[in-house]
S.K.: 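First, the structure itself, so that you have it in front of you.
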There are 2 protein chains.
Amino acid sequence: MEFDYSNALTHLMSHVLKLYRHNVDMLIGEYDVSPGQPPLLMRLAEKDGQIQKELARQIHVKPATLTVMINRMQKAGLVERKPDQIDQRVSRVYLTEKGRLATEAVKNALYTIEQKCFEHFSSEEKILFRRLLQQMHDDLEVLRMTNS
Amino acid sequence: MEFDYSNALTHLMSHVLKLYRHNVDMLIGEYDVSPGQPPLLMRLAEKDGQIQKELARQIHVKPATLTVMINRMQKAGLVERKPDQIDQRVSRVYLTEKGRLATEAVKNALYTIEQKCFEHFSSEEKILFRRLLQQMHDDLEVLRMTNS
DNA sequence: CCCTTTTAGTTAGCCGACTAATCAAGGAGG
DNA sequence: CCTCCTTGATTAGTCGGCTAACTAAAAGGG
């Protein structure tokens with residue numbers, strides 16, 4: 001069976017995404033924000049004080065991953081945990097003042113790079129691109145379900 | 001500035017790629033091959049006995065990353081290092097027999113999933129999709145250059 | 001020919017992701 | 001009630017990525 005992985009679309013896609021992350025890292029370098037944290041900051045900007053389980057679900061990581069990430073961000077002074085008043089198991093995560101400032105910078109960086117990524121796409125191409133990604137997503141979801 | 005990251009194309013793309021990797025991991029589970037190793041195996045299948053610097057370039061990781069990865073794969077019996085006869089600095093990487101078997105399985109898995117990913121794409125859509133990814137790639141390359 | 005620079009690889013230390021195992025608090029049923 | 005089960009979070013251990021600092025071999029240049 002001849003399958004040229006180096007020419008596969010998934011391979012190209014994975015390379016592009018790596019470049020994307022690298023660009024983001026460069027733009028946010030000086031805010032005590034490390035590579036994996038932007039998605040979390042965006043979610044907190046939308047809605048402060050969420051519980052960890054919910055945040056983990058939104059940024060597509062496991063709760064265990066989030067625990068460690070939040071530990072570091074707490075140490076860096078970006079966020080703080082506050083225990084829930086009703087349910088003593090859950091802890092809610094809030095942006096600090098420093099976190100809010102960093103979040104603004106990160107949002108600007110993400111916006112800038114998103115513009116750069118798609119500046120040569122027409123509106124139709126952007127819509128089509130989203131549709132194709134969504135199609136991939138759905139097919140991979142199905143595959144995941146049938147195999148596990 | 002209103003920028004809804006949770007709706008950004010890069011966010012969707014990153015989620016799709018995570019799903020892709022998860023699917024690959026599930027299919028190759030029982031071959032002593034861990035998540036990051038398939039790209040390296042594909043390159044070795046194409047051309048055995050390459051030097052580490054060149055392999056690192058091909059799979060888009062730093063030489064330091066590759067050193068550690070190859071250590072583990074050597075321990076798992078998938079590959080072996082042999083010193084170059086002429087240049088005593090470089091070491092060349094070869095697939096073992098076990099490595100060759102695993103590589104065949106991995107290639108099948110990658111092919112299967114690639115099919116699944118794009119089974120609902122027309123030929124034109126696949127061509128367009130590649131063109132769009134390449135466009136993103138080029139724009140991100142330029143950005144990277146101007147900022148570093 | 002020796003000294004300096006370049007180059008291939010390694011090591012150490014950090015961050016992000018995962019699974020599996022554990023802990024602690026809440027809930028449900030007998 | 002008290003036990004058992006479920007659920008949110010954490011810990012430990014593994015893998016994959018990076019940078020920075022280092023080692024050792026090769027290549028140049030005076």
Side-chain angles (χ1 to χ4, degrees), chain A residues 14-15 17-26 28-29 31-41 49-76 78-79 81-93 144 148, chain B residues 14-15 17-26 28-29 31-41 49-76 78-79 81-93 144 148:
Chain A
S14 136
H15 179 44
L17 206 54
K18 184 173 289 191
L19 253 177
Y20 168 75
R21 286 194 229 274
H22 186 245
N23 273 282
V24 174
D25 295 356
M26 282 194 316
I28 63 176
Y31 284 94
D32 278 352
V33 175
S34 32
Q37 298 168 4
L40 179 57
L41 291 176
Q50 299 190 70
I51 74 176
Q52 293 185 198
K53 180 190 174 67
E54 181 57 21
L55 288 167
R57 193 188 60 76
Q58 289 178 17
I59 66 175
H60 307 296
V61 301
K62 300 297 173 213
T65 303
L66 197 63
T67 292
V68 180
M69 192 183 305
I70 290 179
N71 285 343
R72 274 194 286 261
M73 292 171 78
Q74 203 167 19
K75 214 166 288 173
L78 293 169
V79 301
R81 282 188 178 92
K82 289 180 187 164
D84 187 281
Q85 289 308 316
I86 300 162
D87 189 336
Q88 297 300 118
R89 283 171 308 182
V90 318
S91 70
R92 298 187 169 273
V93 182
R144 184 168 71 87
S148 68
Chain B
S14 135
H15 179 43
L17 206 53
K18 182 172 290 190
L19 253 177
Y20 168 75
R21 287 194 229 273
H22 185 245
N23 273 283
V24 174
D25 294 356
M26 281 193 316
I28 63 175
Y31 284 95
D32 278 353
V33 175
S34 31
Q37 299 169 4
L40 179 57
L41 291 176
Q50 300 190 68
I51 74 176
Q52 293 186 199
K53 181 192 173 65
E54 180 57 21
L55 287 168
R57 192 188 61 74
Q58 288 177 18
I59 67 174
H60 308 296
V61 301
K62 300 298 171 208
T65 303
L66 196 62
T67 292
V68 180
M69 193 182 306
I70 289 179
N71 285 344
R72 273 194 287 259
M73 292 172 79
Q74 204 166 20
K75 214 166 289 172
L78 294 169
V79 301
R81 283 189 179 91
K82 291 180 186 165
D84 188 279
Q85 289 307 316
I86 301 163
D87 188 336
Q88 297 300 118
R89 284 171 308 181
V90 319
S91 70
R92 297 186 171 275
V93 182
R144 184 168 71 86
S148 66

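Numbers restart at 1 for each chain; the letters A, B, ... are given by sequence-line order, proteins then strands.
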S.K.: In terms of the nearest nucleotide of DNA chain D, which residue is placed more toward the 5' end: A/Glu54 or B/Gly36?
M.R.: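 Result: A/Glu54.
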S.K.: Whole Å only: how far is the CG atom of B/Leu55 from the P atom of C/dT10?
M.R.: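 The answer, rounded to whole Å, is 12 Å.
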S.K.: Take the protein atom CD of A/Gln85 and the nucleotide atom P of C/dA25, then report the distance between them rounded to whole Å.
M.R.: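 Computing the A/Gln85:CD to C/dA25:P distance gives 15 Å.
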S.K.: For a quick check of understanding: with a heavy-atom distance under 4.0 Å over all strands, which category does B/Ile70 fall into, base, sugar-phosphate or nothing?
M.R.: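 Touches nothing.
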S.K.: Using OP1 and OP2 only, check whether a side-chain N or O of B/Thr67 sits under 4.0 Å from C/dT10.
M.R.: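 True: B/Thr67 side-chain N/O within range (under 4.0 Å) of C/dT10 OP1/OP2.
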S.K.: With heavy atoms under 4.0 Å as the rule, sort A/Asp87 into base, sugar-phosphate or nothing.
M.R.: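 Result for A/Asp87 = sugar-phosphate.
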S.K.: Could you pull out the closest heavy-atom pair between B/Lys62 and B/Ala56, with the gap in Å?
M.R.: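 So the minimum-distance heavy-atom pair works out to C-CB, 4.2 Å.
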S.K.: Using a heavy-atom cut-off of under 4.0 Å over every strand shown, decide if A/Ile59 touches base, sugar-phosphate, or nothing.
M.R.: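 The residue A/Ile59 makes no contact with any strand.
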S.K.: Would you mind reading off the distance between A/Leu40 atom CG and C/dC15 atom P, rounded to a whole angstrom?
M.R.: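 About 15 Å, once rounded to whole Å.
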S.K.: Whole angstroms only, please: what is the CZ-C1' distance between A/Arg57 and C/dC18?
M.R.: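 Answer to the nearest Å: 19 Å.
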S.K.: Take the protein atom CD1 of A/Ile86 and the nucleotide atom P of C/dG27, then report the distance between them rounded to whole Å.
M.R.: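 Those two atoms, CD1 and P, are 10 Å apart.
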S.K.: If you take all heavy atoms of B/Ser14 and A/Arg21, which pair is closest and at what distance?
M.R.: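 Smallest interatomic distance, heavy atoms only, reads OG-NH1, 4.1 Å.
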S.K.: Here's a test of your reading of the structure: between B/Arg81 and A/Ser34, which maps to the more 5' nucleotide of DNA chain C?
M.R.: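 It is B/Arg81 whose nearest nucleotide is closer to the 5' end.
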S.K.: Could you state the atom-to-atom distance from CG of A/Asn71 to C1' of D/dT10 in whole Å?
M.R.: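 It works out to 8 Å between those atoms.
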S.K.: Look at the side chain of B/Ala64 and decide which nucleotide, out of C/dT10, D/dA26, D/dT10, has an atom nearest to it.
M.R.: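 From the listed options, C/dT10 comes nearest.
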S.K.: In whole Å, I'd like the distance from the CG atom of A/Leu19 to the P atom of D/dC18.
M.R.: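 Interatomic distance, CG of A/Leu19 to P of D/dC18: 11 Å.
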S.K.: About how many Å separate OG of B/Ser34 and CE of B/Met73, when rounded to the nearest 0.5 Å?
M.R.: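 Interatomic distance, B/Met73 CE to B/Ser34 OG, rounded to 0.5 Å: 7.5 Å.
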S.K.: D/dA9 C1' sits how many Å from A/Arg92 CZ, rounded?
M.R.: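 These atoms are roughly 14 Å apart.
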S.K.: Quick check for you: to the nearest 0.5 Å, what is the distance between A/Asp87 atom CG and A/Arg89 atom CZ?
M.R.: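 If I round to the nearest 0.5 Å, the distance is 4.0 Å.
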S.K.: OP1 or OP2 of C/dC18 sitting under 4.0 Å from any side-chain N/O of A/Thr65?
M.R.: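 Looking at the OP1 and OP2 atoms of C/dC18, one of them is under 4.0 Å from a side-chain N or O of A/Thr65.
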S.K.: Which of these nucleotides, C/dT11, D/dA9, C/dG9, is closest to any side-chain atom of A/Ile51?
M.R.: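 Nucleotide nearest to A/Ile51's side chain: D/dA9.
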S.K.: By nearest atom, which of the nucleotides C/dC18, D/dC18, C/dC15 is closest to the A/Arg72 side chain?
M.R.: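 Output: C/dC15.
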S.K.: From C/dA8, C/dA20, D/dG17, pick the nucleotide closest to the side chain of B/Lys53?
M.R.: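 Minimum distance to the B/Lys53 side chain belongs to C/dA8.
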S.K.: Picking from D/dC15, C/dT6, D/dT10, which would you name as closest to the side chain of B/Pro35?
M.R.: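 Of all the options, the side chain of B/Pro35 is nearest to D/dC15.
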S.K.: Any non-hydrogen side-chain atom of B/Gln52 less than 4.5 Å from a side-chain atom of B/Ser91?
M.R.: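 The answer is yes; the side chains approach within 4.5 Å.
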S.K.: How many angstroms lie between atom CZ of A/Arg81 and atom CZ of A/Arg92, to the nearest 0.5 angstrom?
M.R.: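 Reported value, rounded in 0.5 Å steps: 14.0 Å.
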S.K.: Taking the side chain of B/Lys62 as its heavy atoms from C-beta onward, which of D/dT19, D/dG8, C/dC18 lies nearest to it?
M.R.: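 So the nucleotide nearest the side chain must be D/dT19.
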S.K.: Toward the 5' end of DNA chain D, which comes first, A/Pro63 or B/Pro63, by nearest nucleotide?
M.R.: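 Going by which nucleotide is closer to the 5' end, it is A/Pro63.
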S.K.: Kindly point out which of C/dG26, D/dT11, D/dC15 is positioned nearest to the side chain of A/Arg89?
M.R.: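 Nucleotide nearest to A/Arg89's side chain: C/dG26.
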S.K.: Where the side chain of A/Gln88 is concerned, which of D/dG17, C/dG26, D/dT11 is the nearest nucleotide?
M.R.: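 Looking only at heavy atoms from C-beta outward on A/Gln88, the closest nucleotide is C/dG26.
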